Amino acid sequence: MQEIPKQFNFQTDEEKIYALWEKSGFFNPDKIRAKQKYCNVLPPPNANGELHLGHASGYTVMDIFGRYERMKGKKVLLLPGKDHAGIPTQVVYEHKIKKERGLTRQDLGREAFFKEVYAFCIDRADYMRAQEKKIGISADWSREKFTLDGDVSKIAMETFVRMYQDGMVYKGKRIINWCPRCGTALSDLEVLHAERDAKFYYIKYPVKNSDEFITVATTRPETMLGDTAVAVNPEDKRYFKYIGRHVILPLKNKELPIIFDKRIDKDFGTGAVKITPAHDPLDWQIGQDHDLESIQVIDEQAEITLAGGKYRGQGVLQARENILNDLKKLGLLEKEEAIKSNISICERCKTTIEPLISEQWFISVDAEKYSLKKEALEAIKSGKINFYPENFQKVMTQWLSGLHDWCISRQTWWGHRFPVWYRGKEIYVGLDAPKGEGWTQDENVFDTWFSSGQWAYSTLGFPKGKDYQNFYPTDMMIMGWDILFFWSARMIMLSLYRTGKIPFKNLYFTGLIRDKEGKKMSKSKGNGIDPLEMIKKYGADAVRLSLVMDVSPGQDSRLYEEKIEGFRNFVTKLWNIYRYALQSSSKFKLVEKISKKDLKSLADKWIVSELEETKAAVSGFMDNREISLSQTRLRRFTWDQLAAWYIETNKIEKNEKVLGHVLHELLKLWHPFMPFVTEKIWGIFEKDKKVLMMAQWPKVEKKMIDAKAAGSFAVLQELIIKIRNIRASYHIDSARKIEAYTKDIAEQGVIEKLSRIKIVIGRSKEKMLRISSKGVKLSLDIAKTIDVKKEREALGKEIKNLENLIAKTEALSQNENFLSKANVDIINATNARLDEYKQKLEIQKELEENLKSLA
RNA sequence: GGUCGCUUAGCUCAGUUGGUUAGAGUAUCACAUUGACAUUGUGGGGGUCAGUGGUUCGAGUCCACUAGCGACCACCA
């Protein structure tokens with residue numbers, strides 16, 4: 001007998017198993033001989049931190065599909081990478097040098113800063129890679145990419161150059177979102193909105209040549225320094241009399257035109273709005289349309305500019321206070337009102353965004369020569385990309401439809417610097433610096449999503465690389481829904497433009513992992529769960545299961561330690577099934593193939609039949625990307641059928657070959673979900689074979705499906721459960737063997753053992769409790785122990801239930817509409833069901849008679 | 001304002017193209033047990049599938065509306 005520990009020792013074994021897989025070489029698709037291919041370019045995590053649950057959950061899904069496809073005999077490439085993650089990484093590193101050395105990036109200078117951050121990222125990447133391996137992802141590390149790698153960068157740059165040549169990028173002065181803390185422009189997507197308590201200030205603007213006033217309401221009085229008009233709705237009768245007239249801007253004594261624009265809501269505030277084109281997106285638009293001057297009064301540090309006169313140099317909040325005081329002195333502040341207001345904040349640092357006019361680079365999403373927007377919409381509409389869940393297709397379509405030009409220049413240092421050079425009024429856009437003297441390179445770097453948006457093909461060596469030829473378009477892309485717009489939409493647009501093809505055939509969204517209360521996990525709240533700590537405590541397999549089981553795509557899920565613990569117990573259960581097998585016989589081994597001849601007992605036929613049904617169901621679910629359903633089905637087979645019933649019968653009527661076969665197939669079926677424990681067990685049994693990871697996914701043997709055996713076994717189970725039930729409700733000592741009489745019975749041994757009774761063949765004595773399932777009857781010698789009244793009540797309830805069912809089913813089976821419209825299979829099944837109910841009813845009535853006789 | 005979700009057992013969630021008497025995990029209660037099982041086994045209780053209406057022979061599943069919750073997008077001067 002082999003000695004094997006009571007549970008899987010994941011703490012020491014996981015690392016060895018991962019090393020074994022790496023050594024086997026099969027993470028690398030070049031080592032796999034197969035015609036069919038499967039590729040998933042993995043989303044690169046930001047190379048500035050730690051592996052968190054979001055990564056863990058995504059990787060688990062990616063790995064499950066990857067391992068499944070590999071076992072199905074495909075050349076599988078899971079291509080890992082890291083993202084330089086422009087702004088977030090810069091923010092992290094700036095904090096670091098401030099804290100550790102008291103330095104700013106300016107102290108270091110651009111070049112030195114970049115070098116340091118680069119080294120930092122490489123170091124973090126090593127650290128994170130080790131973490132990624134812990135979750136078990138079967139990625140080809142030899143192909144790992146970084147967004148700043150030369151080849152990857154070059155492709156991204158080329159795309160920019162081409163787009164420039166195709167008239168799809170332009171540089172222009174526009175109102176943009178400015179983060180004063182990060183010191184850069186941001187795209188609309190990088191701006192969040194938050195509701196804050198604010199004040200609405202009503203300010204009186206004197207009307208020129210009169211003693212009247214027009215009152216405007218604003219939450220940002222400091223911007224009035226840059227006002228260039230007051231606008232009202234053209235249908236607002238209150239202001240008709242001011243057509244063609246002017247107001248005087250207080251504090252600056254400047255004449256402002258009164259303009260009419262239908263974008264002004266006459267029911268909001270006073271219906272009159274101060275227009276500051278330089279510091280408000282809507283005002284900017286109105287300013288453009290009415291040819292208004294833009295006066296920048298707030299600078300990039302969120303301080304008042306020279307144009308702000310005496311308020312120059314003050315921070316916006318300080319200026320606001322001073323301006324309000326001055327207005328009060330002049331009697332021009334009519335009133336203040338507390339309101340809730342939506343403000344824009346920086347996604348990364350939560351600083352209030354200052355909208356201001358700035359010269360930036362933009363991608364035109366709807367250019368004349370090539371419309372990124374239209375092409376993407378069309379590709380999605382054509383259904384070339386399968387969305388999981390499907391409704392995210394709508395979300396994507398809607399977002400694309402309303403897409404504006406995308407600001408891609410960032411005034412940070414960490415990232416791809418624009419391949420643009422200037423000399424006087426000359427501009428040069430190209431991959432390499434232009435020849436000649438006096439050129440200076442554009443200071444900006446690309447929005448990080450511009451390079452990651454090209455990840456699907458830039459990592460594969462577009463356009464000539466072997467991987468690109470082999471694996472593009474990729475098969476699968478998996479990400480959290482929170483980066484749907486940031487990433488997947490941009491990947492679709494940029495890939496279509498650059499390669500003419502969709503980047504991936506399937507787009508699968510995972511939900512967010514929340515805490516037990518459904519709250520978002522975050523460092524500041526301290527409610528986060530560290531996946532690595534959990535792996536250490538419960539094992540990677542348990543963590544994997546807890547992240548994907550009973551979870552559906554795109555739907556958020558909650559995670560808490562008890563849940564992981566439950567899955568750890570399941571891993572232990574699986575382990576012990578194999579431990580039992582090993583201990584049951586010194587010769588036990590896994591069996592690859594069996595034939596019908598090997599099936600001896602009813603239980604053998606039943607379990608093999610169930611195995612085949614399970615294989616078919618699991619494969620079907622997996623092909624539909626239904627991870628959770630696959631697992632649920634497998635779990636039921638493993639625990640409720642195999643462990644609870646078959647192994648119990650196997651203790652009575654051993655059939656090592658059948659058990660060995662079932663366990664052989666079971667390991668394969670579980671492997672994509674629980675790679676470590678299954679590989680470990682496989683290694684114990686199949687020392688000389690290649691790794692389980694490369695074993696062939698089970699094929700369904702239809703001829704082994706045996707409905708008759710399944711039916712007979714169900715009868716057996718019913719009888720046994722009935723006896724157990726009686727024992728439980730009357731607390732009959734488990735040691736007491738109830739005597740049972742019957743004329744003739746199959747599977748006597750199994751019934752006796754599993755329900756702890758002693759069967760005597762022969763006529764039953766008087767006053768015995770009868771039980772029955774289908775045609776099988778047993779008389780139990782416990783008439784004295786039971787409460788006849790209680791049993792009759794229970795039986796009565798059951799009889800009534802059956803009668804109701806029969807009435808309902810009978811009505812259905814005779815309904816003409818049903819007969820003419822329903823599918824034949826359904827009709828047959830309904831009739832069969834009806835017969836079954838009737839049979840059952842008959843049995844119950846017999847039992848009722850029996851009970852009456854006992855009273 | 002627009003869009004998209006969610007609402008199923010005490011809790012956390014599944015529910016595959018509409019078709020058995022709606023499931024699992026967990027919790028709880030009773031009994032048993034250290035026998036492959038960091039426990040496990042057996043059994044019980046627990047749901048008018050948010051509500052209303054519709055389509056259908058048949059609705060947890062499809063449609064409409066309502067309510068509550070959530071998210072996203074836009075805008076809020």
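Here is how names work: the chains are called A, B, and so on, in the same order as the sequence lines, proteins then strands, and each is numbered from 1. Because the structure is predicted, anything quoted here is derived from the model rather than measured.
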> At 4.0 Å (heavy atoms only), tell me whether Ala822(A) reaches a base, stays on the sugar-phosphate, or touches nothing.
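Answer is base: heavy atoms of Ala822(A) come under 4.0 Å of a base.
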> When you get a sec, tell me which of U21(B), U16(B), G2(B) is the closest nucleotide to the side chain of Leu629(A)?
U16(B)
> Of the listed nucleotides (G43(B), A36(B), G15(B)), which one gets closest to any side-chain atom of Ser552(A)?
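When the side chain of Ser552(A) is considered, G15(B) is the closest of G43(B), A36(B), G15(B).
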> Applying a 4.0 Å non-hydrogen cut-off, can you work out what Lys651(A) is touching in the nucleic acid: base, sugar-phosphate, or nothing?
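Base, at least one base atom sits under 4.0 Å.
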> Given A71(B), is OP1 or OP2 found less than 4.0 Å from the side-chain N or O atoms of Trp399(A)?
no
> Select base, sugar-phosphate, or nothing to describe what Asn569(A) touches, counting heavy atoms under 4.0 Å on all strands.
sugar-phosphate
> Select base, sugar-phosphate, or nothing to describe what Lys722(A) touches, counting heavy atoms under 4.0 Å on all strands.
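No contact.
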> What's Phe485(A) touching, base or sugar-phosphate or nothing? Going by heavy atoms closer than 4.0 Å.
sugar-phosphate
> With rounding to the closest Å, how many angstrom separate the C1' atoms on U34(B) and A71(B)?
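Comparing C1' positions in U34(B) and A71(B) gives a spacing of 50 Å.
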> Whole Å only: how far is the CZ atom of Arg756(A) from the P atom of G43(B)?
13 Å
> Which listed nucleotide (U16(B), U20(B), C13(B)) is nearest to the side chain of Tyr837(A)?
U20(B)
> Heavy atoms under 4.0 Å, any strand shown: does Arg727(A) hit a base, just sugar-phosphate, or nothing?
nothing
> Counting the benzene-type ring for Trp, do Phe588(A) and Phe685(A) have ring centres under 6.0 Å apart?
yes
> Given U39(B), is OP1 or OP2 found less than 4.0 Å from the side-chain N or O atoms of Arg568(A)?
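Yes, such a contact exists.
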> Take the protein atom CG of Asp825(A) and the nucleotide atom C1' of U20(B), then report the distance between them rounded to whole Å.
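The answer, rounded to whole Å, is 14 Å.
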> How would you label the contact of Gln555(A) with the nucleic acid (heavy atoms, under 4.0 Å): base, sugar-phosphate, or nothing?
sugar-phosphate
> With Lys516(A), which of Arg558(A), Glu562(A), Lys563(A) fulfils side chain to side chain contact (heavy atoms under 4.5 Å, CB included)?
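Option passing the side chain to side chain contact (heavy atoms under 4.5 Å, CB included) with Lys516(A): Glu562(A).
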> Rounded to whole angstroms, how far apart are CG on Leu400(A) and C1' on C4(B)?
15 Å
> Name the closest nucleotide to the His731(A) side chain, picking from G5(B), U39(B), A30(B).
A30(B)
> Taking Watson-Crick (N1-N3 plus N6-O4 or O6-N4) and G-U wobble (N1-O2, O6-N3), each under 3.5 Å, can you produce the dot-bracket string of RNA chain B? Use [ ] for crossing pairs and | for inter-strand ones.
(((((((..((((.....[...)))).(((((.......))))).....(((((..]....))))))))))))....
> Quick check on Arg756(A): does its CZ atom have over 12 non-hydrogen neighbours (other residues, nucleotides or ligands) under 6.0 Å away?
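No.
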> Just to be sure I understand the rule, does Trp481(A) reach a base, reach only the sugar-phosphate, or reach nothing, if contact means heavy atoms closer than 4.0 Å?
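Answer is sugar-phosphate: Trp481(A) comes under 4.0 Å of backbone atoms only.
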> Taking only the side-chain heavy atoms of Arg635(A) (C-beta and beyond), determine which of G41(B), A24(B), C4(B) contains the nearest atom.
A24(B)
> Spell out yes or no: do the side chain of Lys394(A) and the base of C4(B) have one donor N/O and one acceptor N/O closer than 3.5 Å?
no
> Expressed in angstrom and rounded to an integer, what is the separation of Asp835(A) atom CG from U21(B) atom P?
14 Å
> Please determine whether a side-chain nitrogen or oxygen atom of Ser729(A) lies at a distance below 4.0 Å from atom OP1 or OP2 of G43(B).
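It does not, given that no N or O in the side chain of Ser729(A) lies less than 4.0 Å from OP1 or OP2 of G43(B).
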> Just call it for Thr632(A): base, sugar-phosphate, or nothing, with non-hydrogen atoms closer than 4.0 Å on any strand.
nothing
> Measure from NZ or CZ of Lys394(A) to the centre of the six-membered ring of Phe387(A) and say whether it is under 6.0 Å with the direction within 45° of the ring axis.
no
> So does Arg558(A) get a side-chain nitrogen or oxygen closer than 4.0 Å to the phosphate oxygens (OP1/OP2) of C13(B)?
yes
> Does the plane of the ring in Phe485(A) sit parallel, tilted or perpendicular to the ring in Trp399(A)? Use 30° and 60° as the thresholds.
parallel
> Among the nucleotides G15(B), G43(B), C37(B), which one has an atom lying closest to any side-chain atom of Asn576(A)?
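The closest nucleotide is C37(B).
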> What interatomic distance, in whole Å, is found between P of U48(B) and the corresponding atom of U8(B)?
12 Å
> Could you please name the option among G43(B), U21(B), U39(B) that lies closest to any side-chain atom of Ala728(A)?
G43(B)
> Ignoring hydrogens, what is the shortest heavy-atom contact between Phe818(A) and Leu812(A)? Give both atom names and the distance.
CD2-O, 3.0 Å
> With a 4.0 Å cutoff (strictly under), does any side-chain N or O of Tyr580(A) reach OP1 or OP2 of C37(B)?
no
> Examine distances only and state if a side-chain atom of Gln11(A) and a backbone atom of Lys536(A) form a donor-acceptor pair shorter than 3.5 Å.
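Yes.
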> Please tell me which of Ser628(A) and Asn815(A) maps to the more 5' nucleotide of RNA chain B, matching each residue to the nucleotide holding its nearest heavy atom.
Ser628(A)
> Across the strands shown, which category fits Ile721(A) at heavy-atom distances under 4.0 angstrom: base, sugar-phosphate, nothing?
sugar-phosphate
> Return no unless some side-chain N or O of Lys516(A) is found under 4.0 Å from OP1 or OP2 of U26(B).
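The answer is no; no side-chain N or O of Lys516(A) sits under 4.0 Å from OP1 or OP2.
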> Over how many whole Å does the gap from Ile720(A) atom CD1 to U42(B) atom P extend?
12 Å
> With a 4.0 Å limit, can you tell me whether Lys6(A) has a side-chain N or O closer than that to the phosphate oxygens OP1/OP2 of C37(B)?
yes
> Give the nucleotide from the list A36(B), C4(B), U42(B) with an atom nearest to the side chain of Ala644(A).
U42(B)
> Base, sugar-phosphate or nothing for Ile826(A)? Non-hydrogen atoms, less than 4.0 Å.
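Answer is base: heavy atoms of Ile826(A) come under 4.0 Å of a base.
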> Can you tell whether the side chains of Glu334(A) and Lys204(A) come within less than 4.0 Å, N to carboxylate O?
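Salt bridge absent between Glu334(A) and Lys204(A).
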> Which part of the nucleic acid, if any, lies within reach of Glu390(A) when heavy atoms closer than 4.0 Å are counted: base, sugar-phosphate only, or nothing?
nothing
> Go through A36(B), G15(B), G43(B) for me and flag the one nearest to the Arg579(A) side chain.
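Closest nucleotide among those given: A36(B).
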> Given U12(B), G19(B), A36(B), which nucleotide is nearest the side-chain atoms of Tyr560(A)?
U12(B)
> Where the side chain of His279(A) meets the backbone of Gly226(A), is there a donor-acceptor pair that is under 3.5 Å apart?
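Judged by distance alone, no pair lies under 3.5 Å.
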> Whole angstroms only, please: what is the CZ-P distance between Arg724(A) and G43(B)?
6 Å
> Report which part of the nucleic acid Trp645(A) touches: base, sugar-phosphate, or nothing (heavy-atom distance under 4.0 Å, all strands).
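The residue Trp645(A) makes no contact with any strand.
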> Between Thr218(A) and Ile732(A), which is nearer to the 5' end of RNA chain B once each is assigned its nearest nucleotide?
Ile732(A)
> Is the NZ or CZ atom of Lys790(A) both under 6.0 Å from the centre of the six-membered ring of Tyr730(A) and within 45° of that ring's axis?
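So Lys790(A) does make the cation-pi contact.
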> Salt bridge or not between Glu803(A) and Lys800(A)? Use side-chain N to carboxylate O under 4.0 Å.
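Answer for the salt bridge query: no.
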> Output the rounded distance in Å from CG (Asn177(A)) to C1' (C75(B)).
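Taking atom C1' of C75(B) as the reference, CG of Asn177(A) is at 14 Å.
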> Regarding A36(B), can its base be found pairing with the side chain of Glu648(A) as donor and acceptor, where the two atoms are less than 3.5 Å apart?
yes
> When all nucleic acid strands are considered with a 4.0 Å heavy-atom cut-off, which category describes Lys274(A): base, sugar-phosphate, or nothing?
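Sugar-phosphate, no base atom in range.
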> Using whole Å, report how far CZ of Phe621(A) lies from P of A14(B).
15 Å
